[in-house]
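Notes for the one structure printed next.
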Amino acid sequence: LFKYLSKEEEIRKAQEEKTAMELKFLKSQINPHVLFNNLNTVYAYAIEKPEETPDLILKLSENLKHVLYESNADFIPLEKELNYIDNYIAFQEIRTEGIKKVHYHKSINSFQYSIAPLLLITLIENAFKHISNHNEAKNNIISISIVERNNLLKLIVNNSKDSFHHKAKSGGIGLKNVRKRLNLLYKDKYDLNIKSTEDTHEVELIMHLN
């Protein structure tokens, strides 16, 4: 019996270590990707709109602080993660001015909960991809809604498509990453749905917070 229990404990610890390593790897894939996109934006503005570059650098600095120092834990306060998302969306509104119309709605009943860091950002970031200065792409709409009620968080991201979106591949490493992290951290406590038509692409995530 003791040998059996010891073996079970070894298996449990090995599984915990494997899960921790997978989460660390998945998070390491997110951080450079977000940083790369943001640095490209700052570079473009330094050339085209240098007077707006300092504000962009400040927002990028605040986001890097969150990624480097505040998202190392498996779970962080909900308020910190939403502040990071607020800042990211404000950054993207500047970046996509004249190309995308961004409608952002947030309603949080309580900030007492925790959430896995950098989980929602991939779903939001996907809506800003494939931005083009082509006339058909101008004034496309991105709608982002984050609502929390009774420890249930609901994220809906809806964006209109242009001809460039039709050529783009759906899914990709970002979405696979999100699904893996959700399965590791929120198994049986989330629902992720993706709806795509010729005109719109919508992602809906419902998850129980800790």
Side-chain angles (χ1 to χ4, degrees), residues 15-38 59-60 62-93 102 104-129 142-159 170-196 201-210:
Q15 185 60 43
E16 287 181 353
E17 290 176 2
K18 177 175 178 290
T19 300
M21 289 178 64
E22 286 178 349
L23 287 170
K24 186 175 182 180
F25 173 70
L26 291 170
K27 283 173 66 177
S28 73
Q29 288 181 304
I30 296 173
N31 301 356
H33 180 62
V34 174
L35 174 60
F36 177 75
N37 285 348
N38 288 346
K59 285 181 169 57
L60 178 58
E62 291 172 354
N63 279 3
L64 283 176
K65 178 184 175 183
H66 178 82
V67 169
L68 293 173
Y69 302 113
E70 298 174 355
S71 63
N72 292 324
D74 288 341
F75 297 93
I76 65 171
L78 176 63
E79 185 172 14
K80 283 189 175 182
E81 187 67 13
L82 292 183
N83 286 341
Y84 169 69
I85 290 173
D86 291 346
N87 200 16
Y88 173 85
I89 292 175
F91 189 100
Q92 294 302 321
E93 284 181 311
V102 182
Y104 178 38
H105 167 72
K106 183 178 70 174
S107 178
I108 306 300
N109 190 48
S110 173
F111 283 107
Q112 67 178 343
Y113 304 107
S114 298
I115 189 172
L118 308 177
L119 184 63
L120 305 179
I121 193 65
T122 303
L123 301 177
I124 294 172
E125 186 186 30
N126 281 341
F128 291 96
K129 286 183 178 178
I142 297 176
S143 297
I144 302 166
S145 173
I146 302 176
V147 176
E148 180 280 321
R149 292 291 182 275
N150 300 321
N151 98 307
L152 198 67
L153 185 137
K154 184 175 184 179
L155 167 71
I156 299 178
V157 183
N158 186 294
N159 60 285
S170 60
I173 189 171
L175 186 57
K176 291 178 182 177
N177 191 326
V178 169
R179 288 189 184 278
K180 286 181 180 179
R181 293 190 70 206
L182 285 169
N183 285 329
L184 287 168
L185 295 172
Y186 294 94
K187 189 173 180 62
D188 301 324
K189 293 182 180 181
Y190 80 93
D191 189 19
L192 177 62
N193 295 302
I194 300 172
K195 303 173 186 176
S196 191
H201 182 78
E202 181 176 287
V203 177
E204 179 185 81
L205 172 63
I206 301 174
M207 56 192 294
H208 291 269
L209 298 173
N210 298 321

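Predicted, not measured: the structure shown is a model, and the values here were computed from it. Starting from 1, each residue takes its place in the sequence as its number.
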Practice prompt. Please assess H201 against I194 for the test side-chain contact (heavy atoms from CB on, under 4.5 Å), listing each intermediate value before the final yes or no.
Written response: CA-CA 8 Å; H201 182 78; I194 300 172; 3.5 Å; yes
Item to complete: Could you tell me the separation between the CG atom of N193 and the CD1 atom of I206, rounded to the nearest 0.5 Å?
Response: 7.0 Å
Practice prompt. Step by step, work out the side-chain contact (heavy atoms from CB on, under 4.5 Å) result for V157 and N126.
Written response: CA-CA 9 Å; V157 183; N126 281 341; over 6 Å; no
Fill in: Audit row: L192, V203, side-chain contact (heavy atoms from CB on, under 4.5 Å) steps and yes/no
CA-CA 7 Å; L192 177 62; V203 177; 3.8 Å; yes
Worksheet item: Which distance, rounded to the nearest 0.5 Å, do you find between the CD1 of I124 and the CD1 of I156?
Response: 12.0 Å
Practice prompt. Look at the aromatic rings of Y84 and H66 and report parallel, tilted or perpendicular, splitting at 30° and 60°.
Written response: parallel
Worksheet item: Rounded to the nearest 0.5 Å, what separation is found between the CG atom of D74 and the CG atom of N210?
Response: 10.0 Å
Worksheet item: Which pairs, with at least one residue in residues 82-93 and sequence neighbours excluded, count as a salt bridge (charged side-chain N to carboxylate O under 4.0 Å, His left out)?
Response: D86-K106
Worksheet entry | Separation between CG of N159 and CD1 of I144, rounded to the nearest 0.5 Å | 9.0 Å
Item to complete: Please step through side-chain contact (heavy atoms from CB on, under 4.5 Å) for the pair L119 and E81, ending with a clear verdict.
Response: CA-CA 9 Å; L119 184 63; E81 187 67 13; 5.8 Å; no
Discussion item. Under a 3.5 Å distance rule, please check whether N87 uses its side chain to pair with a backbone N or O of K59 as donor and acceptor.
Written reply: yes
Worksheet item: With side chains defined as the heavy atoms from C-beta onward, is the minimum distance between T122 and N177 less than 4.5 Å?
Response: no
Worksheet item: Who passes salt bridge (charged side-chain N to carboxylate O under 4.0 Å, His left out) against K80, sequence neighbours left out?
Response: none
Response to the item:
By side chain to side chain donor-acceptor pair (under 3.5 Å), R149 pairs with (sequence neighbours left out) S107
Item to complete: With sequence neighbours left out, write down each residue that passes side chain to side chain donor-acceptor pair (under 3.5 Å) with E204, or none if nothing qualifies.
Response: none
Worksheet item: Who passes salt bridge (charged side-chain N to carboxylate O under 4.0 Å, His left out) against E79, sequence neighbours left out?
Response: none
Worksheet item: Can you tell me how far CG of L120 sits from OH of Y88, rounded to the nearest 0.5 angstrom?
Response: 12.5 Å
Discussion item. Please give me the minimum heavy-atom distance between P117 and A73, naming the atom from each residue.
Written reply: CG-O, 3.3 Å
Worksheet item: Looking at NE2 of H208 and CG of N150, how far apart are the two atoms once the value is rounded to the nearest 0.5 Å?
Response: 11.0 Å
Item to complete: Look only at the side chain of N151 and the backbone of L209, and say whether a donor-acceptor pair between them is shorter than 3.5 Å.
Response: yes
Worksheet item: Do the non-hydrogen side-chain atoms of Y113 and L153 ever get within less than 4.5 Å of each other?
Response: no
Fill in: Validation row: R181, L118 side chains within 4.5 angstrom (heavy atoms)
yes
Worksheet item: Partners of E148 by side chain to side chain donor-acceptor pair (under 3.5 Å), sequence neighbours excluded?
Response: none
Worksheet item: Are N109 and V147 side-chain neighbours, meaning at least one heavy-atom pair lies under 4.5 Å?
Response: no
Fill in: Heavy-atom check, side chain of Y190 versus side chain of L185, under 4.5 Å
no
Worksheet item: Below 4.5 Å, heavy atoms only, C-beta onward: do I146 and Y104 meet side chain to side chain?
Response: yes
